[in-house]
Amino acid sequence: MATLVFLEIDEGSVKKSSFEAISYASAINAETTAVAFGDLSADDLAKIGKAGATKLLHVTDAPFAQPNSMAYASALAEAMEKTGADTLVLAKSSLGDAIAARTSVKLSASLISNVTSLPGEEGGFSVRKSIYTGKAFANTQSVTSRRVLTLRKNAALIREDGQTVAVEGFQPTVRDADFNVKVLSREKATGEILLPEADIVVSGGRGMKGPENWNLIEGLAQALGAATGCSKPVSDMDWRPHREHVGQTGLKVAPSLYIAVGISGAIQHLAGVNSSKYILVINKDPEAPFFKAADYGVVGDAFEVLPRLTEAVKAQLG
Amino acid sequence: MKILVCITHVPDTTARIAFTDNNTRFDKTGVQYIIGPYDDYALARAVELKEQLGGSITALNVGGSETEPTIRKALAIGADDAVRVDAEPTDSFFVANQIAHVARDGHYDLILMGRESIDYNGGQVHGMVGELLGIPSVSPVMTLIVEGQKVKMTREIEGGKEFVEADMPLVAGCQEPIAEWKIPNMRGIMSARTKPLHVVAPVSDEQRTHVGSYELLPPKAGVKLVDPNDMAGLVNLLKNEAKVI
Ligand SMILES: Cc1cc2nc3c(=O)[nH]c(=O)nc-3n(C[C@H](O)[C@H](O)[C@H](O)COP(=O)(O)OP(=O)(O)OC[C@H]3O[C@@H](n4cnc5c(N)ncnc54)[C@H](O)[C@@H]3O)c2cc1C
């Protein structure tokens with residue numbers, strides 16, 4: 001049966017993780033409908049088709065312009081009925097989680113979160129999901145006829161061989177009760193590479209000594225096109241904003257490359273980064289536990305190593 | 001004000017994760033259990049709200065009798081009474097359904113819980129409970145203030161935060177810095193022994209997912225150390241060996 005995909009839009013662009021969701025859904029069933037709320041660029045429209053969506057339900061009505069998990073969940077449940085899809089796919093995020101949970105209840109569907117693989121071939125609908133903060137996986141079966149999946153980053157490669165997508169306007173029913181949470185204001189960094197979406201993350205810990213030294217972390221991040229992260233004590237001391245806090249009680253990231261500078265590698269920090277493809281650790285203590293979880297390591301003083309590394313990156317990447 | 005705080009009973013953050021019975025069951029041998037760290041934030045904020053506004057706090061856990069020491073800890077920290085729904089928390093819908101039932105009966109103004117559990121990391125239960133009860137759910141919540149019937153909250157969003165307001169009743173999935181974790185004192189621990197802990201049977205056995213087997217994350221092969229004076233060599237490895245930059 002057909003699949004439906006929720007597209008999350010940030011600063012006017014469809015998030016990379018949503019394109020992964022399209023390609024994932026199209027691998028389950030080629031008849032993949034994407035649902036987008038708000039304006040889309042011509043470039044994104046082309047990419048939605050290339051990633052594998054055959055149809056786009058486009059919602060441009062004013063009540064749906066601001067992200068609203070309750071209203072989006074109602075609209076997606078309506079779109080599931082309308083398209084006859086049996087599987088709804090979303091990228092995991094705080095918005096995606098809330099929508100997924102509410103939609104699954106509306107549809108009496110199962111909900112499987114943190115999915116990392118396509119369904120297996122054998123009997124029933126079963127996928128692998130990440131559990132214990134990245135330390136293990138559970139092969140999880142859906143026992144209902146409809147299901148909702150939230151994907152972890154890198155669950156699918158983004159396709160580029162799809163066709164032009166057929167766009168159809170969609171006016172979901174507006175339910176007053178879905179608008180009971182009023183957004184008073186929003187504070188958002190603009191032009192920042194979003195940490196959960198980033199392919200490279202440069203993170204600093206207490207070994208960076210103070211917020212005044214973060215120019216070294218930012219310099220390397222800028223040279224690499226990376227997002228910046230930090231350990232819990234660093235955000236607890238307000239050296240960095242809380243949204244950069246990575247780990248068991250913070251954000252879980254899964255970049256291709258995670259660079260940890262002056263972070264000891266406590267098990268609670270590792271829990272947030274162990275899904276990274278490669279880990280590079282820079283620490284002056286050769287006994288730092290982080291080296292056991294790393295692919296590459298530099299034993300040295302961050303204040304000497306970072307400027308050298310940033311120069312070398314600039315020299316080789318131009 | 002009546003507050004319901006839902007707590008998970010989960011392995012300590014430093015616990016060794018392993019499976020037994022042919023990888024079909026979590027290995028509990030030697031594992032210490034705690035209140036989920038995010039639920040602990042929710043409980044701490046509930047205690048502050050009660051100090052400020054009066055009312056009562058009920059702690060709720062869905063789990064077998066082995067979770068009672070964890071529930072007693074919540075009572076020691078400041079919950080007035082507790083409910084344990086006597087069942088294995090097998091999937092998130094099953095748990096949400098139990099919570100919604102207890103919440104409906106108790107007419108709570110606020111239903112607080114952690115933004116996610118640290119065993120399954122689903123982040124699903126607060127949204128499901130909100131939908132089952134037909135009330136708003138907000139997560140992840142970093143600050144929560146009650147003004148009359150209104151609740152003002154700061155919600156973390158990617159790259160920033162959002163300030164929102166809603167009427168009670170509502171569900172909030174909490175995270176730091178909503179409150180500081182509270183450590184029970186001697187008086188709390190003593191009084192927790194006699195506070196009521198009601199054990200109730202589950203209302204439904206419906207579950208929508210089933211775990212067939214578990215796997216561990218494969219270990220890393222070992223670290224390749226690079227001389228701190230050879231950063232060009234390191235960049236070369238990242239570029240041509242790992243192919244990540
Ligand atoms: C329930 C619970 C949840 C937690 N959740 C999280 C979480 O989500 N995320 C998290 O990060 N932590 C978490 N923690 C805290 C965690 O246990 C550690 O305390 C924390 O990760 C340590 O941060 P750090 O590595 O920055 O600091 P430290 O442990 O102090 O390490 C600093 C490191 O910097 C190195 N260093 C010092 N100077 C230099 C230099 N000049 N050059 C290079 N290296 C240098 C040192 O060798 C050391 O290894 C949690 C703890 C608990 C109990």
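Sequence lines set the chain letters: A, B, ... in the order given, protein chains first and strands last, and positions in each chain run from 1. Quick caveat: nothing in here was measured; it's all calculated off a predicted structure.
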| message | Parallel, tilted or perpendicular: which one describes the rings of B:Tyr41 and B:Tyr38, with boundaries at 30° and 60°? | response | tilted
| task | Measure across A:Ala101 and A:Leu111 and return the closest heavy-atom pair with its distance rounded to 0.1 Å. | result | CA-CD2, 3.6 Å
| query | Given that the side chain runs from C-beta out, which part of A:Ala100 has a heavy atom under 4.5 Å from chain B: side chain, backbone, both or neither? | reply | neither
| Greater than 12 external heavy atoms within 6.0 Å of B:Lys161's NZ | no
| said: At a 4.5 Å cut-off on heavy atoms, which part of B:Tyr214 comes close to chain A: side chain, backbone, both, or neither? | reply: both
| note | So, the part of A:Ala293 with a heavy atom under 4.5 Å from chain B: the answer is backbone
| Which region of A:Lys15, side chain (C-beta onward) or backbone (N, CA, C, O), has a non-hydrogen atom less than 4.5 Å from a non-hydrogen atom of chain B, or is it both or neither? | side chain
| field | Region of B:Gln207 that comes under 4.5 Å of a non-hydrogen atom in chain A | value | backbone
| task | Look at the rings of B:Phe26 and B:Tyr33 and say which category their plane angle falls in: under 30° parallel, 30 to 60° tilted, over 60° perpendicular. | result | perpendicular
| field | Part of B:Glu176 within contact of chain A (heavy atom distance under 4.5 Å) | value | both
| Which word best sums up how the rings of A:His269 and A:Phe290 line up, parallel for under 30°, tilted for 30 to 60°, or perpendicular for over 60°? | perpendicular
| field | Part of A:Lys284 within contact of chain B (heavy atom distance under 4.5 Å) | value | neither
| Under a 4.0 Å N-O cut-off, is there an ion pair linking B:Lys224 with A:Asp295? | no
| task | Below 4.5 Å from any heavy atom of chain A, which atoms of B:Asn97 appear? Answer side chain, backbone, both or neither. | result | neither
| Per-residue contact mode, A:Asn114 against chain B (heavy atom under 4.5 angstrom) | side chain
| query | In terms of heavy-atom proximity below 4.5 Å to chain B, should A:Leu224 be classed as side chain, backbone, both, or neither? | reply | side chain
| task | Applying side-chain hydrogen bond (donor to acceptor under 3.5 Å, both in side chains) between A:Arg152 and each of A:Ser17, A:Ser113, A:Ser117, A:Ser275, report the one that passes. | result | A:Ser275
| task | Counting only heavy atoms closer than 4.5 Å, note whether B:Ser139 contacts chain A via side chain, backbone, both or neither. | result | backbone
| remark: Honestly, the part of A:Ser108 sitting under 4.5 Å from a heavy atom of chain B is both
